[in-house]
Amino acid sequence: MKGKLCVITGANAGIGYETALGLAKMETDLVIISKNESRVKTTIDKIKTESGHKNVEGIVADLSSQKEIKKGAKEILDKYTKIDVLINNAGTWYSNLTYTDENIEMQFAVNHLAYFYLTHLLLPALANSDDPRIINVGSDSHFSGKIHFNDINLTKKYHGLRAYSQSKLANILFTYEFNRRNPLKKISINCLQPGLVKTNIGLKHTVALHGLAWKLRRLRGITPAEGAETSIYLASSDDVKGISGKYWDKSKMKKSSKRSYIKEDAQRLWLLSEKLCDIDDYFSVISEE
Ligand SMILES: NC(=O)c1ccc[n+]([C@@H]2O[C@H](COP(=O)([O-])OP(=O)(O)OC[C@H]3O[C@@H](n4cnc5c(N)ncnc54)[C@H](OP(=O)(O)O)[C@@H]3O)[C@@H](O)[C@H]2O)c1
């Protein structure tokens, strides 16, 4: 991975941190994106110290805001003309229905739309790599997920789990639809599930009962370093070169839910996501091979 550049979101904690650290240990140059300036700085220092690799930089962007995603992507593109790997990893869990500044339900915005939008914005630099890889961190929670097209913000019947599983199903539908539409076949896109991982995701924006449930549930979980293994594998292994549009678990391909293969839903979600992100033509920023 020496000389390659990886952009990774949500690298200041949990699975994202361990993914970034593992890649830094392979001498991958990194741009980490996190929403808090002091956390970005602390994370960069920590990764540099623990890995001994010095090419680690950071961008501050709250991924719930399309304005900030656009600004962050511009900062990256102003500095780098080539990106080899994009890892969409940042994720969140909200007990209560919460809206972004753009009036979108928070989990749908951060867990799905941020993946969709950031990928679009960074496509010109990804297209300049010989082996560009997009990696979307999903979850097996998608198996219980459904896209509520008639009430995407879940205003009528919100529950944190419904919103989370909807957003994680969206990760896979996005991955498969991107792969079908992708005009530049050298760009690969894959989605993975890290397993049940002992992180603080279920403690940050949760009511006491949900926080307690997560504390008990994660007792059975694997470590964040173990949870990062499939992301690192997909970013770095020669074995996966050219493989695209698949779902992965423990560094192996596996089948995702039945709903995730419904092409009409994937197309519908794609159009809705373009509309919500104000994108006219997703791939217009890159040309066909
Ligand atoms: N833990 C599990 O068991 C599990 C299982 C399946 C899938 N996953 C997936 O794995 C990914 C990583 O989750 P994790 O468990 O490692 O959680 P985590 O420890 O809470 O880390 C999530 C990361 O995303 C960042 N983030 C959240 N909201 C953001 C926003 N609005 N703007 C910018 N960054 C934001 C967090 O930053 P802050 O620290 O500043 O909030 C943090 O860096 C997620 O996509 C999650 O859905 C996790």
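Both counts, for ligands and for their atoms, begin at 1 and track the order of listing.
Per-residue contacts place V137 under 4.0 angstrom from the following atoms of ligand 1 (heavy atoms of the residue considered): 9 (C), 10 (O), 11 (C), 45 (O). For ligand 1 and L196, the ligand atoms under 4.0 Å from any heavy atom of the residue are 3 (O). Those atoms of ligand 1 that come under 4.0 Å of a heavy atom in A61, given as number and element, are 32 (N), 33 (C). Set against the non-hydrogen atoms of G14, the atoms of ligand 1 under 4.0 Å away are 16 (O), 19 (O). The distance from ligand 1 to the heavy atoms of G195 drops below 4.0 Å at these ligand atoms: 2 (C), 3 (O), 4 (C), 5 (C), 6 (C).
Y94 and F108 have their aromatic ring centers separated by at least 6.0 angstrom. Ring pair F116/Y282: centre-to-centre distance below 6.0 Å.
The shortest contact between atom 41 (O) of ligand 1 and any protein heavy atom is with K35 NZ, 2.8 Å. Closest to atom 44 (C) of ligand 1 among all protein heavy atoms lies N89 O, 3.2 Å. The single protein non-hydrogen atom nearest to atom 40 (O) of ligand 1 is R39 NH1, 2.3 Å, given as residue, atom name and distance.
The closest approach between a heavy atom of Y94 and any atom of ligand 1 is not below 4.0 Å. Note on ligand 1: G138 sits in its first shell, one or more heavy atoms being nearer than 4.0 Å. No heavy atom of W93 sits closer than 4.0 Å to any atom of ligand 1.
Few gaps surround NZ on K54; more than 12 heavy atoms of other groups in view lie less than 6.0 Å from it.
The shortest side-chain heavy-atom distance between E177 and L269 does not fall under the 4.5 Å cut-off.
Relative orientation of the W93 and Y164 rings is tilted, given thresholds of 30° and 60° on the angle between their planes.
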